Structures are given as structure tokens and as C-alpha cells.
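Accompanying notes for the structure given below.
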Amino acid sequence: MLAPSRPAANGLSPRAARAHLAADPVLGPVVRQVGAMTLKPLTREPYEALVRAIAHQQVHGRAAEAMLTRLIALFPGQDFPHAEGILALPEEALRGCGFSGAKCAAIRDIALKSVGGLVPTRRAATRLPDEELIQRLVAIRGVGRWTVEMLLIFTLGRGDVLPVDDFGVREGYRVAAGLEAQPKPKALAAIGEAWAPFRSAAAWYLWRAADLAKENRFKAPAAI
């Protein structure tokens, strides 16, 4: 039996996503409890989003923002340092912002591959499918699939991305479904097929479910 055809969803489409996901037996109660999706992508170039992502890896958010603030201060008049400027920056100056050696290497690789064209501009990225962007960008030092998926959702506003390796997404599903253990990524990917073409919205609702559970405010369904 052929699966029913689904409309394409290039953007986040909050209303359509809410209506579609509300009919799901697991996500429906979450949607009704959380309400309208408030996710609004940031208007940034992929290059900047990737540098910021590297800064935030494995450190507290405030520490990452402090490092980025020091980096931006080295380039007066620029909202964010251009890739060419990063490449011209002495190693000690980058390290002086607080970045580790590994982060410095990753940031320089992002800058190098931006200048070389591997990292597309925001405009060019709109013409590339999700999976093509993922395969291109994971070739960059320090950039994995999860990092690109976050870029797709929060920078480019792609509507059908389900980051199944994300702890919060899997925890949100565990909470919403009343399970004792989180689903494995492969299992969640299969479950998530039913949420297409609104899997980015599904991820957002699952993050909210996990947040509510941490605050003891999630209305748990009957165990299944």
C-alpha cells in the first residue's frame, strides 16, 4: 500500500504544522498543552551561525557569548567578523578571545571554507536541499550533523528537520509517550515519518515537552 502523498513544506508554517501534529496520538496532547509554535529563525549567514555554534560547543552559554563578544570587538564597524578577517587574525588574538585550540582550528576552517565557497551564503543555501547542505557542511572541522540540523531549523527556517540525535528531542518523546526509556535515534526517525513535512515543528514541541517535564508542569498521558 502506498503512503499518502504529503504537501511540501519548505518553511516552518506554524499554523499548518500545529493542525497536522495535533492529530498525532503522542504529539497531539503536547500541542494542545503548549499552544502555538513561537519559533522564529534568526536572520544570519550560515558562516556566522556555524562560528557561533562552535563557540557554544561544550561550554556554558554565557562563556560562549563572552568569547564571541571579545571576537567581535576586534573588528570595529562589523556586526560580525568577515571570514577574511578571521583568516588574517593572528592565532594568539583568536586564543585571546578565550577559544580553545580546537575551537580556533574549527573557526578558521569555517572561515576558510566560506571564502572557498563550501559554506554557502544564506541566499545560495535556499537553493540547496537539506541533505545536500548537511553533507557539505559536515566536511568542516568540528561540525557534525546535529550542528547543521540546528542551522537548518534556527537559521534557515527549514520545516522538515528532525534531529533524532538530540537528547532533548528524544527526552521529549519519552515524556510525551509515557515511556520509561528514550527511543533510539533510528526508531524515532521511523516514528517521525508521520510528522512530515512538519518535523521541525515536531522537534520544537518535543523540546517544549522536555522543558515542561523538567519544571514538573507536563501533563503526563497514560503510560503506553
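A quick note: this is a predicted structure, and the numbers were derived from the prediction, not measured.
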Please answer whether the main-chain N or O of Ala194 pairs with a side-chain N or O of His20 as donor and acceptor at a distance below 3.5 Å.
yes
Checking the side chain of Thr69 only, and the main-chain atoms of Glu65 only, is there a donor and an acceptor separated by less than 3.5 Å?
yes
Please lay out, stage by stage, how Phe80 and Glu45 fare under the test side-chain contact (heavy atoms from CB on, under 4.5 Å).
CA-CA 10 Å; Phe80 196 81; Glu45 286 292 319; over 6 Å; no
Is Arg199 close to Val161 at the side-chain level, that is, under 4.5 Å between some pair of heavy atoms?
no
Single-linkage hydrophobic cluster Ile72~Leu87, side-chain heavy atoms < 4.5 angstrom
no
Over 12 non-hydrogen atoms of neighbours within 6.0 angstrom of CH2 in Trp146:
no
Intermediate values then yes/no, side-chain contact (heavy atoms from CB on, under 4.5 Å), Ile153 and Leu39:
CA-CA 9 Å; Ile153 296 172; Leu39 170 59; 3.7 Å; yes
Residue pair Val164, Val169: steps toward the side-chain contact (heavy atoms from CB on, under 4.5 Å) verdict:
CA-CA 7 Å; Val164 295; Val169 169; over 6 Å; no
Looking at every heavy atom in both Arg174 and Pro183, which two are closest together, and how far apart are they?
N-CD, 4.4 Å
Sidechain-backbone polar pair: Gln78 side chain, His82 backbone, donor-acceptor under 3.5 Å
yes
Would you mind reporting whether Leu12 and Phe198 have side-chain heavy atoms less than 4.5 Å apart?
no
Between Arg170 and Asp166, does at least one N-O distance fall below 4.0 Å, as a salt bridge requires?
no
Establish whether Phe154 and Phe167 are linked, either directly or via other cluster members, by ILVMFWY side-chain heavy-atom contacts under 4.5 Å.
no
Is the closest side-chain heavy-atom distance between Val30 and Phe218 below 4.5 Å?
yes
Heavy-atom distance under 4.5 Å between the side chains of Val34 and Leu212, does that happen here?
yes
Going from OG1 on Thr126 to CG on Leu156, what distance comes out if it is rounded to the nearest 0.5 angstrom?
8.5 Å
Taking atom CG of Leu94 and atom CZ of Arg108, what is their separation to the nearest 0.5 Å?
5.5 Å
Let me confirm one number: the CD1-NZ distance from Ile110 to Lys103, rounded to the nearest 0.5 Å.
10.0 Å
Go through the steps to decide whether Arg127 and Glu132 satisfy the test side-chain contact (heavy atoms from CB on, under 4.5 Å), and finish with yes or no.
CA-CA 10 Å; Arg127 300 190 291 270; Glu132 183 173 340; over 6 Å; no
How many angstroms lie between CD in Glu171 and CD in Gln182, if you round to the nearest 0.5 Å?
5.0 Å
So, does Arg141 use its side chain to make a donor-acceptor pair with the main chain of Ala106 at under 3.5 Å?
no
Could you tell me whether the side chain of Phe75 reaches within less than 4.5 Å of the side chain of Leu89, counting heavy atoms only?
yes
When every non-hydrogen atom of Ala203 is compared with those of Pro163, the smallest separation belongs to CB-CD, 3.8 Å
Residue pair Arg18 / Val31: nearest heavy atoms and the distance that separates them:
CG-CG1, 3.5 Å
Spell out, yes or no, whether Leu133 and Leu118 are grouped together once hydrophobic residues are joined by side-chain heavy atoms under 4.5 Å, including indirect joins.
yes
Going through the distances and angles, do Asp160 and Trp195 end up as a side chain to side chain donor-acceptor pair (under 3.5 Å)?
CA-CA 9 Å; Asp160 199 29; Trp195 305 332; over 6 Å; no
Which residues pass the ring-ring contact (aromatic ring centres under 6.0 Å, His included) test with Phe99, sequence neighbours left out?
none
Let me check something: do Ile54 and Leu42 share a hydrophobic cluster, defined by ILVMFWY side-chain heavy atoms less than 4.5 Å apart, either directly or through other members?
no
Tell me the closest heavy-atom pair linking Ala93 and Leu74, and the distance in Å.
O-CD1, 4.1 Å
Within 6.0 Å of CD in Glu215, more than 12 heavy atoms from elsewhere
yes
Under 3.5 Å, side chain of Arg158 to main-chain N/O of Ser200, donor-acceptor pair present?
no
What's the separation between atom SG in Cys104 and atom CD1 in Ile86, rounded to the nearest 0.5 Å?
9.5 Å
Considering all heavy atoms of both residues, which atom of Leu162 and which atom of Leu188 are nearest to each other, and what is their separation?
CD2-O, 3.9 Å
Using only atom types and a distance under 3.5 Å, with no angle test, would you say the side chain of Tyr47 pairs donor to acceptor with the backbone of Arg122?
no
Among the clusters formed by ILVMFWY side chains lying less than 4.5 Å apart, do Trp204 and Met150 turn up in the same one?
yes
Pairwise distance CD(Glu131) to CG(Leu128) - rounded to 0.5 angstrom
12.5 Å
Answer yes or no: is there a side-chain heavy-atom contact under 4.5 Å between Pro81 and Leu71?
yes
Donor-acceptor contact present, side-chain Thr121 to main-chain Ala124, <3.5 Å:
yes
I need the minimum non-hydrogen distance between Pro120 and Pro46, along with the two atoms involved.
O-CG, 3.4 Å
